[in-house]
Trainee: 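Dropping a structure here in structure tokens format, bear with me for questions.
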Amino acid sequence: MQITPNGQEPIVSPRIPAADDKLNILGLDRDELKAAIAEIGVAEKQVRMRTTQVWHWLYHRGVSSFDDMTNISKDVRAKLAEHFTITRPEIVEAQYSNDGTRKYLIRFADGNEAEAVYIPEEDRGTLCVSSQVGCTLNCKFCHTGTMRLVRNLTAAEIVAQMMIARDDLGEWENPTEGRRVTNIVMMGMGEPLYNFDNVKKALEIIMDEEGIQLSRRRITLSTSGVVPHMERCGKEIGVNLAVSLHAVRDDVRSEIMPINKKYGLEEVLKACANYPGAHNARRITFEYAMLKGVNDSDADARELVRLIRKYKLPAKVNLIPFNPWPGTDYECSDWGQIQRFSDLVYEGGISAPIRTPRGRDIMAACGQLKSASEKKSKAALAREAEAAAAATATTEPHHTSTGLT
Ligand code: SAH
Ligand code: SF4
């Protein structure tokens with residue numbers, strides 16, 4: 001474990017032993033919660049009311065113990081505690097940057113790890129959430145892209161990132177006033193549109209009016225341009241869209257983002273033009289990492305303007321100074337050139353702010369996230385399963401109390 005740069009003690013949540021005979025209800029959606037509550041023998045007439053109450057305590061008040069659910073009768077609380085747990089994944093390391101950014105390394109029940117980052121600003125606080133452990137797409141300039149995809153995160157694991165951040169920031173006491181996490185960006189590790197169903201389910205839980213209540217207008221999903229799912233994202237989830245563009249010519253984009261060979265630049269831009277709900281008040285954000293000598297010329301800036309105009313896109317460009325990571329060959333464009341690029345795009349009538357890098361000192365900035373999790377070979381997984389089977393053969397069999405897993 002590392003000591004944080006500003007000398008603060010990292011927060012480590014207590015290790016909670018795996019309670020494999022109990023169902024962890026954190027991250028269930030309403031229907032699943034209701035089914036689970038019905039199954040443990042709560043009186044049928046009460047199931048709806050108890051579901052509403054437990055939902056409120058779980059997601060609006062953020063409690064982690066059934067004892068805290070004070071408007072629920074003691075015997076029902078005891079029943080809940082007998083069958084269920086409310087278990088957060090473990091924060092193995094929390095690092096605080098000098099600029100206030102906080103990075104959490106989170107370990108899930110199977111030992112895999114992903115990162116989430118909290119970025120406070122003057123008028124808002126943004127949580128950058130991961131959707132996968134690793135990524136299938138190996139964008140050349142991205143640290144996560146050097147990992148293989150280990151697995152998709154479950155909806156529960158995606159919601160848990162929000163729960164953990166709110167725990168750490170102490171904001172459950174007053175769940176809706178003076179929030180510190182005011183916005184979510186699906187811009188952590190992984191490609192959210194390749195984990196569509198879990199991301200959708202997690203965001204629905206987070207947006208629920210009787211739970212965390214984060215408005216869809218405050219949530220942005222970033223994609224590298226998975227064209228077939230972009231429309232679904234607008235229709236079914238309804239959040240803001242950000243698209244990782246990073247180049248204005250197919251040859252350059254294919255070189256730095258291999259997915260471009262599958263879904264080319266103009267195809268991505270067409271999908272943006274068709275994005276449901278994209279109008280001036282809810283512009284699409286184009287992310288553009290400034291890579292020295294690769295995509296940062298004056299001609300690139302002019303071409304960017306031309307393309308956005310051609311497709312009549314209600315767009316804003318976010319210029320991201322390239323964030324370096326160990327082993328990369330890319331360099332960040334010179335500051336003067338980033339400013340010039342920004343000016344040229346502004347002159348074309350499109351807003352192009354330069355994103356101030358945040359949390360670089362703790363490797364928490366865009367594209368710097370990575371965890372040590374590795375995709376295991378089939379042989380290694382089989383060995384582990386055998387060892388687990390041998391271990392359980394010598395102990396009591398496990399009981400599953402609800403049938404849900
Ligand atoms: N996979 C999704 C979500 C990641 S969002 C996507 O690619 O859109 C993180 C953003 O940071 C993306 O725009 C990504 O392209 C960009 N990025 C990746 N590596 C970077 C780096 N080293 N410096 C700056 N931006 C980077
Ligand atoms: Fe994956 Fe996005 Fe990184 Fe590309 S930029 S490797 S899609 S996380």
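For ligands, and for the atoms within them, numbers begin at 1 and follow the listed sequence.
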Trainee: Just let me know how Glu191 lines up against ligand 1, side chain, backbone, both or neither, with a heavy-atom cut-off below 4.0 Å.
Mentor: both
Trainee: Which residue owns the protein heavy atom closest to atom 15 (O) of ligand 1, what's the atom, and how far is it?
Mentor: His246 NE2, 2.5 Å
Trainee: Decide whether the shortest distance between a heavy atom of Met189 and an atom of ligand 1 is less than 4.0 Å.
Mentor: no
Trainee: Between Glu210 and Arg30, is there a side-chain N and carboxylate O pair less than 4.0 Å apart?
Mentor: yes
Trainee: What is the minimum heavy-atom distance between Tyr263 and Val268, and which atoms define it?
Mentor: O-CG2, 3.7 Å
Trainee: Examine ligand 2 and decide if any of its atoms is less than 4.0 Å from a heavy atom belonging to Ser244.
Mentor: no
Trainee: Please tell me whether Tyr118 and Tyr104 form a close aromatic pair, meaning their ring centres lie under 6.0 Å apart.
Mentor: no
Trainee: Tell me whether Cys142 has at least one N, O or S atom under 2.8 Å from atom 3 (Fe) of ligand 2.
Mentor: yes
Trainee: Can you find a non-hydrogen atom of Trp325 under 4.0 Å from ligand 1?
Mentor: yes
Trainee: Under 4.0 Å from a heavy atom of Ser224: which atoms of ligand 2 are those, numbered in the order shown and with their elements?
Mentor: 7 (S)
Trainee: Which residue and atom name correspond to the protein heavy atom nearest atom 11 (O) of ligand 1, and how close is it?
Mentor: Cys366 CB, 3.5 Å
Trainee: Show me which atoms of ligand 1 lie under 4.0 Å from any heavy atom of Gly188.
Mentor: 4 (C)
Trainee: Of all the atoms in ligand 1, which lie at a distance below 4.0 Å from a heavy atom belonging to Ser244?
Mentor: 6 (C), 7 (O), 8 (O), 12 (C), 13 (O), 14 (C), 15 (O)
Trainee: I'd like to check which ligand 2 atoms, numbered from 1 as shown, lie under 4.0 Å from a non-hydrogen atom of Cys135.
Mentor: 1 (Fe), 6 (S), 7 (S), 8 (S)
Trainee: Taking only heavy atoms of Glu287 into account, list the atoms of ligand 1 that are under 4.0 Å away from them.
Mentor: 10 (C), 12 (C), 13 (O)
Trainee: Mark up the atoms of ligand 1 that fall under 4.0 Å of a heavy atom belonging to Ser224, in ascending order.
Mentor: 6 (C), 7 (O), 8 (O)
Trainee: Going by an N to O cut-off under 4.0 Å, is there a salt bridge joining Glu287 and Lys316?
Mentor: no
Trainee: Just to confirm my output: which protein heavy-atom neighbour is closest to atom 9 (C) of ligand 1, and how far is it?
Mentor: Met187 O, 3.6 Å
Trainee: Is Arg77 positioned over the aromatic face of Phe66, cation under 6.0 angstrom from the ring centre and no more than 45 degrees off axis?
Mentor: no
Trainee: With a cutoff of 4.0 Å, is Gly145 in contact with ligand 1, counting heavy atoms of the residue only?
Mentor: no
Trainee: Below 4.0 Å from any atom of ligand 1, is there a heavy atom belonging to Gly190?
Mentor: yes
Trainee: For ligand 1, is any non-hydrogen atom under 4.0 Å from Val243's backbone (N, CA, C, O), its side chain (CB onward), both, or neither?
Mentor: neither
Trainee: Taking the basic N atoms (NZ, or NE/NH1/NH2) and the acidic carboxylate oxygens, is any pair closer than 4.0 Å for Glu171 and Arg179?
Mentor: no
Trainee: Near Asn323, which atoms of ligand 1 are under 4.0 Å from a heavy atom of that residue?
Mentor: 21 (C), 22 (N), 23 (N), 24 (C)
Trainee: Students should be able to answer this: which protein heavy-atom is nearest to atom 4 (Fe) of ligand 2, and at what distance?
Mentor: Cys139 SG, 2.4 Å
Trainee: Salt bridge check, Asp29 against Lys200: does any charged N sit closer than 4.0 Å to a carboxylate O?
Mentor: no
Trainee: With a 4.0 Å cut-off, would you call Glu255 and Lys140 a salt bridge?
Mentor: yes
Trainee: Of the side chain and backbone of His143, name the one, both, or neither that has a heavy atom under 4.0 Å from an atom of ligand 1.
Mentor: neither
Trainee: If you have a sec, work out which protein heavy atom is nearest atom 6 (S) of ligand 2 and how many Å separate them, to one decimal?
Mentor: Leu137 O, 2.7 Å
Trainee: What atoms of ligand 1 come closer than 4.0 angstrom to any heavy atom of Thr223?
Mentor: 6 (C), 8 (O)
Trainee: With a 4.0 Å cut-off on N to O distance, would you call Asp250 and Lys261 a salt bridge?
Mentor: no
Trainee: Closer than 4.0 Å to some heavy atom of Gly145 - which atoms of ligand 2 meet that?
Mentor: 6 (S)
Trainee: Among protein heavy atoms, which sits nearest to atom 2 (Fe) of ligand 2, and what does the distance come to when rounded to 0.1 Å?
Mentor: Gly190 O, 4.5 Å
Trainee: Could you find the nearest protein heavy atom to atom 19 (N) of ligand 1 and give me its residue, atom name and distance?
Mentor: Gly367 CA, 3.0 Å
Trainee: Using 4.0 Å as the upper bound for N to carboxylate O, is an ion pair formed by Lys370 and Glu113?
Mentor: no
Trainee: Assess whether salt bridge (charged side-chain N to carboxylate O under 4.0 Å, His left out) is satisfied between Lys270 and Glu267, documenting all intermediate values.
Mentor: CA-CA 5 Å; Lys270 265 184 224 150; Glu267 213 184 324; over 6 Å; no
Trainee: Side chain, backbone, both or neither: which part of Ile320 comes within less than 4.0 Å of ligand 1 when only heavy atoms are counted?
Mentor: side chain
Trainee: Looking at Val252 and Ala247, what are the two nearest heavy atoms and their distance?
Mentor: CG1-CB, 3.9 Å
Trainee: Does the side chain of Glu191 pick up a donor-acceptor pair with the side chain of Thr223 at under 3.5 Å?
Mentor: yes
Trainee: Does the gap between the ring centers of His246 and Phe286 come in under 6.0 Å?
Mentor: no
Trainee: Classify the side-chain pair Asn323/Arg360 by whether it contains a donor and acceptor separated by less than 3.5 Å.
Mentor: yes
